[in-house]
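No hydrogens, no waters, no symmetry mates; every other heavy atom, side chains included, goes into these values. FYI, the numbering just counts along the sequence from 1.
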Amino acid sequence: MSGVSEAALTDDPTVLDRAVIEPYFRTLEPADDGFERFLATESTVSVWAPTMQHGAPPSALLARAVERCAPRAGTRIGRLTMEILGPIPVSEIEVRAWIERPGKRVEMVAAELAARQPDGTRRVVATARAWRIANSDTAAVALAADAPLPTHPEDSAAPSPIPPAWNVGYVKTVELKAVHGGRRVWVRPLTTVVDDEPMTPLVRALAVADIANGIGAQLDPAHYTFLNTDLTVDLYRAPEGDWIGLDVGTSIGPDGLGLCSAVLFDEQGAIGRSLQTLEVRPRD
């Protein structure tokens, strides 16, 4: 789709026009001490509160920082874990990355995302750790433990697993096609992470992976909250194309902890998995 149309102004996220959707972040002048600075837009807004970001945009921004930190040819990020240390505000945020554990074939890259407090000091609101691994030619023995996800239909008749009340902020920036049978979807972002900058395969995957908790929701959000405290994405194959598939399963324990896991796909087959720890509690 192109151009601003009447359909672009509806509440249906599958017909939103890219031309009217803000990128998740706008670039600001960098800080003097090496932090990159960004302004979070309304496209980042969480389903839980209008003042906090959904987990997907900041995880994608951290993935971008990790990839741009001392990049080396012939390597790829295989796993990235984001720890959410508190609500991530929809405001100016700052990001930096560094090599935490150097290595010729395996190295760990770290990153942090910070927000300014009223007194001007920084508060770290999320961190990331990622393994960057040297490539080898294993095409002759490549295999996948998971069968491919059925391809997304052009006009899916399967009901969306996203509650209608959650069609706000970030959720309105992705196109979602449900697959019949279980909590399975194809999803693609309808905007970019930073300005009009093209997304790398890793950043594109992180721009949607955190939505698994919403896709796999087993509880009514009117009666329970179930925020994830983290996100781990393991990719044994780099994704190709715009669409990322998720086959999601959620388990909830008896004492307020839950676990959301998903198999991740592109249109060629499985590419990896994601994992989220959930803090579950009834609403007052």
Within 45° of the six-membered ring axis of W186 and under 6.0 Å from that ring's centre, is NZ or CZ of R188 located there? no
Q276 side-chain N/O to D210 backbone N/O, donor-acceptor pair under 3.5 Å: yes
Ignoring hydrogens and angles, tell me if any N or O in the side chain of R68 forms a donor-acceptor pair with the backbone of A63 under 3.5 Å. no
When you check the gap from the basic side-chain N to the acidic O, do R101 and E107 get nearer than 4.0 Å? no
Steps toward side chain to side chain contact (heavy atoms under 4.5 Å, CB included) verdict (S43, I21): CA-CA 7 Å; S43 294; I21 305 176; 3.8 Å; yes
What are the two closest heavy atoms between R132 and C69, and how far apart are they? NH2-O, 2.8 Å
Looking at E67 and R76, is any side-chain nitrogen of the basic one under 4.0 Å from a carboxylate oxygen of the acidic one? no
Short question: side chain of D234, backbone of R79 - any donor-acceptor pair under 3.5 Å? no
So does E29 have more than 12 non-hydrogen atoms from other groups sitting under 6.0 Å from CD? no
Which pair of non-hydrogen atoms, one from N135 and one from T75, has the smallest distance, and what is that distance? OD1-N, 3.4 Å
Just by distance, do the side chain of S136 and the backbone of T138 share a donor-acceptor pair under 3.5 Å? no
Side chain of S59, backbone of G55: donor and acceptor closer than 3.5 Å? yes
Check the angle between the aromatic planes of Y170 and Y24 and answer parallel, tilted or perpendicular using the 30° and 60° thresholds. tilted
Can you name the nearest heavy-atom pair linking A205 to P239, along with the distance? CB-CG, 4.2 Å
Same apolar cluster (I L V M F W Y, side chains within < 4.5 Å links), V45/L176: no
In this structure, CG of L85 is separated from OG1 of T229 (nearest 0.5 Å) by 10.0 Å
Lys/Arg cation over aromatic F35: R122, 6.0 Å, 45° cone: yes
Does one hydrophobic cluster hold both L235 and I133, with members joined at side-chain heavy-atom distances below 4.5 Å? no
Please find the pair of heavy atoms, one from P189 and one from M199, that lie closest to each other, and give the distance. CG-CE, 3.7 Å
Just grab all the side-chain hydrogen bond (donor to acceptor under 3.5 Å, both in side chains) pairs involving residues 254-270, residues at least two apart or on different chains. H152-E267, R237-D266
Start with the C-alpha gap between V280 and T225, add the side-chain angles, then the distance that decides, and say whether side chain to side chain contact (heavy atoms under 4.5 Å, CB included) holds. CA-CA 6 Å; V280 185; T225 62; over 6 Å; no
Is there a side chain to side chain contact (heavy atoms under 4.5 Å, CB included) between R64 and E36 once you walk through the steps? CA-CA 11 Å; R64 174 185 180 273; E36 290 187 280; 3.5 Å; yes
I'd like to know if D33 and R96 make a salt bridge, using a cut-off of under 4.0 Å between side-chain N and carboxylate O. no
When clusters are formed by joining ILVMFWY residues with side-chain heavy atoms under 4.5 Å apart, either directly or through shared neighbours, do F226 and I252 land in the same one? yes
Could you check whether atom CG of D32 has more than 12 heavy atoms from other residues, nucleotides or ligands sitting under 6.0 Å from it? no
Determine, using the 4.5 Å side-chain heavy-atom cutoff (strictly less than), whether L62 and V90 are members of one ILVMFWY cluster. no
Side chain to side chain contact (heavy atoms under 4.5 Å, CB included) between L259 and T250, intermediate numbers included: CA-CA 6 Å; L259 181 66; T250 297; over 6 Å; no
Sub-3.5 Å donor-acceptor pair from the side chain of T191 to the main-chain atoms of T173, do we have one? no
Just by modelled atom types, is the V233 backbone N or O under 3.5 Å from a matching donor or acceptor in the S274 side chain? no
Does L227 share a hydrophobic cluster with I84, counting links as ILVMFWY side-chain heavy atoms below 4.5 Å and allowing steps through other members? yes
How close do R37 and E94 get, heavy atom to heavy atom, and via which atoms? CG-CG, 3.8 Å
So does E83 have more than 12 non-hydrogen atoms from other groups sitting under 6.0 Å from CD? yes
If you compare all heavy atoms of A178 against all heavy atoms of V185, which two are closest, and at what distance to 0.1 Å? CA-CG1, 4.1 Å
Donor-acceptor check, side chain of D195 to backbone of T27, threshold 3.5 angstrom: yes or no? yes
State whether the number of non-hydrogen atoms from other residues, nucleotides or ligands found under 6.0 Å of Y224 atom OH is greater than 12. no
Heavy atoms of other groups near R26 CZ, more than 12 under 6.0 Å: yes
Side-chain (R183) to main-chain (I215) donor-acceptor, under 3.5 angstrom: yes
